[in-house]
Amino acid sequence: MNFDLTEEQIAIRDAARDFAETEIAPTSVERDLTSEFPTEIVKKLGELGFMGMMVSPEWSGAGMDTLSYVLAIEEISKVDASVGVIMSVNNSLVCYGLEKWGSEYLKEKYLKPLASGKMLGAFCLSEPEAGSDATQQRTEAVPEGDHYILNGMKNWITNGTQADVYFLQAMTDKSKGYKGISTFIVEKNSPGIEVGKKEDKMGIRSSDTCTLGLNNVKVPKENILGEEGIGFKIAMSTLNGGRIGVAAQALGIARASFEASVKYSKQRKAFDSTISNLQAIQFKLADMATSVEAASLLVYRAAKNKDEGKPYIKEASMGKLLASKAAVDCSLEAIQVHGGYGYVREYLVERYMRDSKITQIYEGTSEIQKLVIARELLKG
Ligand code: CAA
């Protein structure tokens, strides 16, 4: 498979790198401490086309391919994985789903502002009793006149307190199990929406995660995506692409950990030389570089398959599985290379470790990725 980047892909990667270094890096340490949402940064990302990267220009998107999107998320996440996930959810969960299944009306009303960064979106699938077992939705949507009335509870909602709209799954027919799930676009300012408190997380602290209560929320009938009963299919298909975004985020953290380790090992002296001359350190660097390269090949392959219209469910899960492992392993090793300095906030590697762990949990745990991979392997 040829991974030579086109001039356009290189330009997008470089623009994302430049933006990350000049606009994101200066505040990332402070935002990690205070958990402040990067409002201004997200606004600028929207102006530059990074919030609706793969959306067609017809709907105010940047019309780029998935590989460009992966390169951009990777560069942004190398500097700040919190910003990476905010971008990823808006791009590959909310915008993607709306463009693929939304009516012209929904695209005009919501996709255009979401893709151009004028609105922010969140994806609401998980519930207190429906995490990995996502078919067990309890949130209900009951038709009443020209509306649905929604009741229930969602949790682990990335962008939850900041979003303008929710891409939300609810049961329209409980008797049909997952075939009774439907997807709605719900405005945050709808009466009956109760935004819960922001979670106090171990990592990606500047991103925003909360629960969402729905108490008799009236949602217009035209805000359903497609038709009743296809919501689980929409959620799963959307997550296939979302997993490529999270994999790219993980790749960014892994690469940042590796690069910080190389840099530090060339500066730090011990036993009459820089520690980069010690085999104990060299072996760590070799392992880190190998896992970053292996993960990047899988993630780029998943993106290319998607761009070329080839199957990518298994490839996306493999990419996420390996890249998230690379992020956790490399960030832990980066701390070891830095010794005591790796354990304090002055060096960034302790944040990389805290940020990395979630990539093995959200948008499908590593165990769920293995289940998806195995089912795809055994098909047919
Ligand atoms: N792509 C497309 N369709 C899929 C799919 C996939 N990856 N996985 C399952 N489906 C389809 C199946 O084909 C089946 O449809 P048909 O009956 O029409 O064939 C239907 O979904 C049900 O699938 P299963 O019979 O396999 O159901 P299951 O209960 O045994 O397994 C699961 C389903 C794969 C475990 C699924 O529940 C799952 O992926 N769970 C993880 C949920 C998840 O990733 N949550 C992330 C939350 S969102 C988040 O984190 C966002 C954020 O804010 C960062």
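In listed order, ligands and their atoms are each counted from 1.
The backbone N or O of Ser88 lies less than 3.5 Å from no partner atom in the side chain of Gln249, so there is not a single donor-acceptor pair. The backbone N or O of Asp32 lies less than 3.5 Å from a partner atom in the side chain of Arg205, making a donor-acceptor pair.
Between the side chains of Thr290 and Asp287, not a single donor N or O lies within less than 3.5 Å of an accepting N or O. Between Thr66 and Asp307, the side chains place a donor N or O and an acceptor N or O closer than 3.5 Å (distance only, hydrogens not considered). Side-chain N/O atoms of Lys201 and Thr209 include a donor and acceptor closer than 3.5 Å. Between the side chains of Thr139 and Glu127, at least one donor-acceptor pair of N or O atoms lies under 3.5 Å. Side-chain contact, Gln9 with Tyr69: no donor N or O sits under 3.5 Å from an acceptor N or O. Gln137 and Tyr178 share no donor-acceptor pair across their side chains, judged by distance under 3.5 Å alone. The closest side-chain donor-acceptor pair between Asn159 and Asn90, if any, does not fall under 3.5 angstrom. Side chains of Gln282 and Asn277: a donor-acceptor N/O pair is absent below 3.5 angstrom, by distance only.
Those atoms of ligand 1 that come under 4.0 Å of a heavy atom in Ile368, given as number and element, are 35 (C), 39 (O), 41 (C). Per-residue contacts place Phe123 under 4.0 angstrom from the following atoms of ligand 1 (heavy atoms of the residue considered): 48 (S). Heavy-atom contacts of Ile313 reach the following atoms of ligand 1: 1 (N), 7 (N) (cutoff under 4.0 Å).
Among all non-hydrogen protein atoms, the one lying nearest atom 19 (O) of ligand 1 is Tyr178 OH, 4.7 Å. The nearest heavy-atom contact from the protein to atom 47 (C) of ligand 1 is Ser126 OG, 3.4 Å. Given atom 24 (P) of ligand 1, the protein heavy atom at minimum distance is Arg375 NH1, 3.7 Å. Summary of contacts: the protein heavy atom closest to atom 34 (C) of ligand 1 is Leu371 CD2, 4.1 Å.
Put simply, atom 40 (N) of ligand 1 has protein non-hydrogen atoms near it, under 4.0 Å away. Distance check on atom 1 (N) of ligand 1: some protein heavy atom falls below the 4.0 Å cut-off. Distance check on atom 12 (C) of ligand 1: every protein heavy atom falls at or beyond the 4.0 Å cut-off. For atom 28 (P) of ligand 1, the protein comes within 4.0 Å by at least one heavy atom. For atom 22 (C) of ligand 1, a protein heavy-atom neighbour is found at a distance under 4.0 Å.
Proximity of Ser132 to ligand 1, defined as any heavy-atom pair under 4.0 Å, is confined to the backbone N, CA, C and O atoms. When non-hydrogen atoms are compared, ligand 1 lies under 4.0 Å from the side chain of Leu239 (C-beta onward) but not from its backbone. Under 4.0 Å from ligand 1, the heavy atoms of Lys179 that appear belong solely to its side chain. Residue-level proximity to ligand 1 for Arg243 is carried by the side chain, the only part with a heavy atom below 4.0 angstrom.
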Q. Checking salt bridge (Lys or Arg N to Asp or Glu O under 4.0 Å) for the pair Glu367/Lys370: CA distance, chi angles, key distance, verdict?
A. CA-CA 5 Å; Glu367 291 74 12; Lys370 288 182 194 178; over 6 Å; no
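Closest heavy-atom approach to atom 9 (C) of ligand 1 within the set Lys154, Gln169, Met236, Lys379: this belongs to Met236. In this structure, of Thr158, Leu93, Thr135, Asn240, the residue bringing a heavy atom nearest to atom 6 (C) of ligand 1 is Asn240.
The N/O atoms of Val89, backbone and side chain alike, include none that comes under 3.5 Å of an N/O atom in ligand 1.
In this structure, Glu363 has a heavy atom closer than 4.0 Å to ligand 1.
Grouping Ile, Leu, Val, Met, Phe, Trp and Tyr by side-chain contacts under 4.5 Å, direct or through others, puts Met318 with Leu298, Leu321, Leu322, Ile373, Leu377.
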